[in-house]
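Comments concern the structure below.
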Amino acid sequence: MNFEEMKQRLDGLAVFRELLKDGVVAAFRELLQDCCRNDADNFVSHCGEFESLLFQQSDCWTAYLRRAVMESENVCIRNWASGAVTAVQEECLNRELVFLDRLSQVTLDDLTAGLDHAPDFLVGWRTEGGSIAQDYRQRMQEVGEKGYGIFARYHMFTVENGQLVPVKHPDPQQLEQLPGYEQERQKVIANTQALLDGKPANNVLLYGDAGTGKSSAIKAIANNFAEQGLRLVEVKKNQLYQIPDLMDALAANPLKFILFIDDLSFTSNDDNFAALKAILEGSVGGRAQNIAVYATSNRRHLIKETMTDRSGDDIHESDTRQELMSLSARFGLTVTFASPDRDRYLYIVGELAKQYGVDLDEHTLAVRSEAFAIRMGGRSARVAKQFIELCKSGVQV
């Protein structure tokens with residue numbers, strides 16, 4: 001395959017057309033064009049640009065292109081996930097994969113061999129063996145666990161202007177790092193496993209005292225099940241009105257999603273109240289089977305009530321209260337995270353001391369951690385972690 005044909009086939013990509021917007025691939029295209037024109041001067045400049053971009057990710061062109069192909073979101077992978085890929089699309093996919101395999105093996109020496117005045121001071125990039133086509137076929141078989149597009153690279157997301165934004169450095173919290181609430185978390189884990197298995201899964205409300213590890217539990221579960229196809233989308237309360245359109249898009253995705261709403265509570269006249277009710281129950285089209293809502297709150301019924309609300313001038317006061325309380329009832333699973341008693345608190349302290357390598361005898365650990373909890377306003381898993389971290393850093397507490 002000569003450089004002119006290689007450039008034409010790159011320009012003619014249909015299934016993997018998004019690759020042309022990739023900075024490294026676009027820079028490589030410029031190199032091919034310089035070779036077609038036998039333009040050694042521009043080749044040097046474009047080679048520097050290509051390597052500068054490539055070396056930020058890898059010094060191996062094959063590895064970079066393979067990852068770009070694996071993470072590509074295209075019509076074939078979307079249709080494959082829904083079982084609707086056509087014969088024409090399949091043929092186009094096969095041809096482009098064969099070409100991309102060949103492209104990934106091109107070296108600097110291959111390119112400079114076609115130049116009349118080839119520079120000899122440039123340092124090339126690496127290539128490696130393997131088959132991108134074979135790897136991509138394997139990825140298609142595993143699309144329900146590995147995902148595609150941004151879902152193949154990231155497993156936690158936030159929402160901005162109605163669009164998903166990946167969290168590039170997510171909280172690495174692990175389940176084994178959260179001692180003391182194993183029984184409570186097991187209910188959430190079982191519900192999450194049901195979601196991954198395609199079984200009926202409930203929306204989950206984790207409520208209880210502050211600092212008991214409700215949010216940490218959800219993040220740890222998302223980390224634990226990421227390799228099985230679970231993705232977490234954190235949604236703020238004021239973004240709830242944007243979620244229906246997002247849910248429609250996620251419903252067609254082969255992965256499973258948790259919509260995570262942290263520290264949820266409403267006033268009685270909050271506009272977001274009705275939005276969340278619609279999300280929990282689904283629209284006329286029904287709730288997507290690959291999405292569940294996990295929320296945390298310090299309030300069992302999610303609504304901030306006052307005595308005025310109970311003794312106001314509402315004629316149908318009982319109906320109003322039922323409406324306010326109906327929101328929490330839409331969570332099929334409610335798990336309570338209560339403040340730890342002394343025994344549970346000391347257990348948490350002891351387990352965290354082992355994790356952090358804090359070498360204190362049991363009696364000293366108990367006395368000092370209890371005193372610290374009193375100064376901090378009460379026992380909690382968060383207070384226990386703060387105490388151990390201070391001990392580890394050498395701060396006298």
Side-chain angles (χ1 to χ4, degrees), residues 155-159 167 170-196 199-226 230-240 243 256-266 270 272-273 275-277 279-281 287 291-305 324-341 344-345 347-348 351 378-385:
H155 73 280
M156 287 191 182
F157 303 85
T158 56
V159 177
V167 179
D171 187 339
Q173 189 74 70
Q174 299 297 317
L175 289 171
E176 57 270 18
Q177 298 173 335
L178 301 172
Y181 288 87
E182 291 82 1
Q183 185 174 355
E184 289 84 350
R185 287 199 305 273
Q186 189 55 46
K187 299 175 183 178
V188 187
I189 291 172
N191 189 75
T192 306
Q193 189 63 62
L195 177 67
L196 290 168
K199 299 176 182 178
N202 286 288
N203 299 316
V204 182
L205 174 63
L206 291 75
Y207 92 96
D209 300 298
T212 49
K214 303 181 294 294
S215 300
S216 295
I218 294 176
K219 294 173 186 176
I221 288 171
N223 289 332
N224 189 72
F225 290 104
L230 182 66
R231 301 293 183 265
L232 183 141
V233 180
E234 184 173 12
V235 182
K236 294 181 174 59
K237 189 181 72 170
N238 61 2
Q239 297 173 322
L240 291 174
I243 300 306
K256 305 299 189 295
F257 294 89
I258 290 175
L259 295 185
F260 171 41
I261 312 171
D262 197 19
D263 197 19
L264 183 63
S265 64
F266 297 97
D270 197 322
N272 294 301
F273 181 84
L276 181 57
K277 287 179 68 174
I279 292 170
L280 293 173
E281 287 297 309
R287 184 166 69 89
I291 302 174
V293 177
Y294 285 16
T296 68
S297 179
N298 296 334
R299 296 175 179 271
R300 172 64 178 84
H301 295 296
L302 304 177
I303 305 297
K304 297 178 181 178
E305 288 186 281
L324 295 177
M325 295 173 64
S326 67
L327 181 61
S328 60
R330 295 176 188 242
F331 288 92
L333 176 61
T334 300
V335 183
T336 304
F337 282 67
S339 289
D341 57 19
R344 179 182 281 194
Y345 175 72
Y347 169 76
I348 295 172
E351 291 300 307
R379 305 184 187 101
S380 73
R382 180 183 296 151
V383 168
K385 184 177 181 180

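Just so you know, residue 1 is the first one in the sequence shown, and it goes up from there. Everything numeric here is computed off the predicted structure, so don't read it as measured data.
- Under a cutoff of 6.0 Å and an axis angle of 45°, Arg185 and Phe337 do not form a cation-pi pair.
- For the pair Leu264 and Ser297, the tightest heavy-atom approach, listed with the atom from each and the gap, is O-OG, 2.6 Å.
- Between the CG atom of Asp209 and the CZ atom of Arg379 there is a distance of 12.5 Å, given to the nearest 0.5 Å.
- For Arg231 (side chain) and Ala226 (main-chain N/O), a donor-acceptor pair under 3.5 Å exists by modelled atom type.
- In this structure, CD1 on Ile291 lies 6.0 Å from CG on Leu259, to the nearest 0.5 angstrom.
- Put simply, the side chain of Leu230 reaches to within 4.5 Å of the side chain of Leu195, judged on heavy atoms.
- Nearest heavy atom pair, residue Ser380 against residue Tyr345, reads O-CE1, 3.7 Å.
- The two atoms that bring Asn223 and Pro172 nearest to each other are ND2-C, 3.5 Å, heavy atoms only.
- Distance alone, capped at 3.5 Å, places no donor-acceptor pair between the Tyr207 side chain and the Ala295 backbone.
- Residues Tyr181 and Arg344 have side chains in contact (heavy-atom distance under 4.5 Å, counting atoms from C-beta outward).
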Exercise for the section: Dump the intermediate steps for side chain to side chain contact (heavy atoms under 4.5 Å, CB included) on Phe225 and His155, then the final yes or no. Expected result: CA-CA 10 Å; Phe225 290 104; His155 73 280; over 6 Å; no
Handout entry: Test side chain to side chain contact (heavy atoms under 4.5 Å, CB included) applied to Val235 and Val293, step by step
Key = CA-CA 10 Å; Val235 182; Val293 177; over 6 Å; no
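- Summarising the geometry of Pro340 relative to Ala381, their closest heavy-atom pair is CG-N, 4.5 Å, with the distance given to 0.1 Å.
- Note that OH of Tyr294 is 13.0 Å distant from CD1 of Ile261, once rounded to the nearest 0.5 Å.
- A pairwise comparison of heavy atoms in Ala217 and Leu175 identifies O-CD2, 4.4 Å as the closest pair.
- Within the 3.5 Å criterion, the main-chain N or O of Asn202 finds a donor-acceptor partner in the side chain of Asn191.
- Atoms CE and CG, on Met156 and Asp171 in that order, are 6.5 Å from each other to the nearest 0.5 Å.
- In terms of heavy-atom proximity, Gln239 sits nearest to Val159 at NE2-O, 2.6 Å.
- In this structure a side-chain-to-backbone donor-acceptor pair under 3.5 Å is present from Glu182 to Gly180.
- Distance check, rounded to the nearest 0.5 Å: NZ of Lys219 to CZ of Phe260 gives 6.0 Å.
- Taken from OG1 in Thr296 to CG in Leu205, the straight-line distance is 8.0 Å, to the nearest 0.5 Å.
- Counted within 6.0 Å of CD on Glu176, heavy atoms from surrounding residues, nucleotides or ligands total more than 12; the atom is thus considered enclosed.
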Exercise for the section: For the pair Leu206 and Glu184, evaluate side chain to side chain contact (heavy atoms under 4.5 Å, CB included) and give the outcome as yes or no after the intermediate values. Expected result: CA-CA 9 Å; Leu206 291 75; Glu184 289 84 350; over 6 Å; no
